[in-house]
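A short worksheet on the structure shown next.
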Amino acid sequence: MLRELLRLVEAADGPITLAELGRELNVDVAVLDGMLQHWVRKGRLVTDSGTAKSCAGGCGCMSVGGGCGSCAGMAACPFVARLPVVYRLKLDE
Amino acid sequence: MMTIATAPAVRAVSVALAGNPNAGKTTLFNALTGARQHVGNWPGKTVEKKTGILVRDALRLDITDLPGAYSLSAYSLEEVVARDFILDERPDVVLAVVDAANLERNLYLVVQLLELETPSVIALNMIDVAMRQGLDFDVARLSEALGAAVVPMAARRGEGLEHAVAAVTAAAVVPRSPFRLDYGPAVEAEIDRLVATLAQLPLTCPARWLAIKLLEDDADMATKVAAAAGGAKVLATAADARGQLEAALGEDADTVMADRRYAWIHALVGQAMHAERADVLTLSDRIDRFATHRLLGIPLFLAAMWLVFKVTTDLSAPWVDWLDAVLTGPLSRWMLAALGALGLGQTWVASMAVDGVLAGVGSVLAFVPVLLALYFALAVLEDSGYMARGAFVMDRLMKRIGLQGRSFLPLMVGFGCSVPAIYATRTLTNQRDRVLTGLLVPFISCGARLPVYVLFAAIFFPARAGLVILGLYVLGIVVALGVGLLLQRTLLPATVEAGLVMELPPYRLPNARSIGFHMWQRTRAFLQHAASLILMMTLAIWLLTAIPLGGAGTFANTPMSASAFGRVSALAAPALRPLGFGSWESGGALLTGLVAKEVVVSTLAQIHDVAPAPDGAEATTFAGDLVAIVTSFGRAVVETLRAIPGLVGINLTAGQTGDDAALSTALRASFDESSGGHAAAAGLAFMVFVLLYTPCMAAVAAERHELGARWMWLSLFGQLAIAWLAALTVFQLGRLWGGG
């Protein structure tokens, strides 16, 4: 199942939703999440939770230590919209 | 510490409560132990530890609530704590709590718990919820396959608790034979080889389980084995076994074994769980059939973006006007009156206070309604779950310019205001995407440029104003795409990306509280960053207009053409001459546009001396002003409500006033003169220049914060060059075409 999942991700022509992938594999989305996490741990996929990344540096809301001074943290950066969790193949740079 | 019951218990059974997060473990723990709980931390860990006691006649259960975990592979602190407790404390029974509605995922942990060979009971929790979802379970089949008692229960309703206690008691007394999942001949052979090697070690855990962990290359267990006498030999055997398996199966042993677990569980669930409505799609699935459709998805998303744009511009317009009226009317009068009372009425101080400070505050406040409207629209899209679909459908399209689908969001925010749009690039995965998106944002026509288009399109293209304005928006997108392609092939080559999977959240009704919170947070954050800069630049421009050069007038009382501002603007005129608007007036308006694009029109009005008469001249009272503020506020509310039905229509040229008409005449004459009789071509070139040239100072500052100084300078001068070339092309072609 894990290898079939990776094959499907590799063969996908364009983006694919977790629900579509679940239907393809006849597996519940919650199970799929665990399976994708396996490939993330193995370094074959990378995941992006959609939270803020740091700015180029020196911006007013960033403290010296790299955290967000005026906000509750990167995850609460007010400038950032809540976007979906993404998994993508990790290719050799 | 809570009071511990002192019932005359004759038999104590230690129970570990394990399960996935949100499986109802804590609910069951509370239901079993009631108030007899102790809450602390696991030794040396920040993970909460809860223990409690249940006393039944001659039985006492010492229950430990383990942290929620998805596996026992020690990938997280919670998993390490849970695993170490079972291995080190050896509880009499593990009570594994599973969410019946998510059985397949929950069983992954259960299988690993069972491999620890501790007597176990499976609590099939939230059975009521699962049954409402049309799920039915063959409990006997589950129990047989797992080698443990399976107790259906609804802990929240207190159903099945007694059965669970009875099963736990029975498991402690009469253990079943250990659970054994068959990993296939190749893996089983290596497990057996390792088990034989492990016989040399003094083990405190099951040999088969340890062999499995070593085949999985579990670092934690490898460290423990290495510390034991003879451990090195075991680890060498394990490494050899992993190599053999990888060579034979073409995948590492960890993946092969996890794959086997998933497949075994999938097959078991297929046999032991029946879904009455397996083929029924959820509402989200049904909506997504259209929303994420390859062909329909994009026009639907573009329609949503159009609505966002209309909300941003149309709903904020009455409030921008109201703020402008209050600032230039009553507030200016009150300030002048106060300064007059102090004897500073006709001095430079009054000029600075009204034309510098108050105008600066006005420039900042003008952003507020626009941003609130923009963030309202975005928060609704986010909260409803549609934003994620937007990123999904745009991914394929954005790939063409080497960007990800998420990049569309900052670009779309750019239609409202470039500054938050540049900040919104923070969500992008890598620096290259952040830089490229941040550089493209200013080409997207922000709301502040619209008044310029509306005025100029009405003057030079009255019959086709709407079309011209739409064309400018499209031009901005086309230029952004072109620049994106150019940068992708030069300075910012695309990184290869493939196989994108997105986890789309289910749709839900937006929450008013959450929307309000986001609107406020984002608007406040923007103002904190941009307000001081805009104020400073406004004061700098005022200072330039106040300084007399060439002998005409005195400080703060000089014609604009003879001020330092006029002279600086005149320096730009020769460069603008080939574009058809090479006058100091146009140069001056574009110069102030660097502060904020909104002020281009007001500067033109000021320069051409067609601004409304000073409000201070009107005979009004303080009370009259207050009434005017309140009534105009009411009018803004009504106009906002009236604008709502119009969100689906276009009425871009409405509301031209008498002042605009006077300005129109002055501008047509000015452009006629500067273009040698080709005013329309020059007017169009001016609009194109405004669309593409360097964004406002706040946006430039945002670029510096987010992208760094190097990219900021490239953007600043690059956009200026592109704007100049584009305006030159438009004017020269227009002139040849005969655009007069």
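Because only heavy atoms are used, hydrogens play no part in the values below, and waters and symmetry mates are left out as well, while side chains stay in. Predicted model, so just to flag it, every value in this text is computed and none were measured. Residue numbers begin at 1 in each chain, while the letters A, B, ... track the order of the sequences.
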Is Phe376(B) atom CZ crowded by more than 12 heavy atoms from other residues, nucleotides or ligands, each under 6.0 Å away? no

Given heavy-atom pairs under 4.5 angstrom as the criterion, report whether the side chain, backbone, both or neither of Phe392(B) touches chain A. both

What residue, out of Val29(A), Asn26(A), Leu6(A), has the most heavy-atom pairs lying under 4.5 Å from chain B? Asn26(A)

How far does NE2 of His38(A) sit from OH of Tyr108(B), to the nearest 0.5 angstrom? 7.0 Å

Approximate separation, where rounding is to 0.5 Å, of Glu104(B) CD and Leu32(A) CG: 10.0 Å

Just how far is it from atom CD of Gln37(A) to atom OG of Ser71(B), taken to the nearest 0.5 Å? 10.5 Å

Can you find a pair of side-chain heavy atoms, one from Thr17(A) and one from Val501(B), that are under 4.5 Å apart? no

So what's closer than 4.5 Å to chain A heavy atoms on Arg260(B): side chain, backbone, both or neither? neither

Could you tell me the separation between the CG atom of Asp259(B) and the CE atom of Met35(A), rounded to the nearest 0.5 Å? 7.0 Å

Would you call Thr255(B) and Trp39(A) a side-chain contact if the rule is heavy atoms closer than 4.5 Å? yes

Qualifying residues under side chain to side chain contact (heavy atoms under 4.5 Å, CB included), relative to Pro505(B), sequence neighbours excluded: Ala388(B), Arg389(B)

Asp33(A) CG to Asn102(B) CG distance, which is reported to the nearest 0.5 Å: 11.0 Å

So, the part of Ala30(A) with a heavy atom under 4.5 Å from chain B: the answer is both

Less than 4.0 Å between a side-chain N and a carboxylate O, is that true for Arg294(B) and Glu20(A)? no

Taken to the nearest 0.5 Å, the spacing of Glu251(B) CD from Arg3(A) CZ works out to 6.0 Å

Answer yes or no: are there more than 12 heavy-atom neighbours, outside Asn22(B) itself, under 6.0 Å from its atom CG? no

Which answer fits Asp254(B), side chain, backbone, both or neither, if we ask what part of it has an atom under 4.5 Å from a heavy atom of chain A? both

Who passes side chain to side chain contact (heavy atoms under 4.5 Å, CB included) against Glu24(A), sequence neighbours left out? Leu8(A)

Looking at Pro15(A), is its backbone amide N or carbonyl O close enough to the side chain of Asp395(B) to form a donor-acceptor pair, meaning the two atoms are under 3.5 Å apart? no

Contact between Asp28(A) and Arg105(B) at the side-chain level, heavy atoms closer than 4.5 Å - yes or no? no

Identify which of Leu107(B), Thr523(B), Asp252(B), Leu378(B) forms the greatest number of heavy-atom pairs closer than 4.5 Å to chain A. Asp252(B)

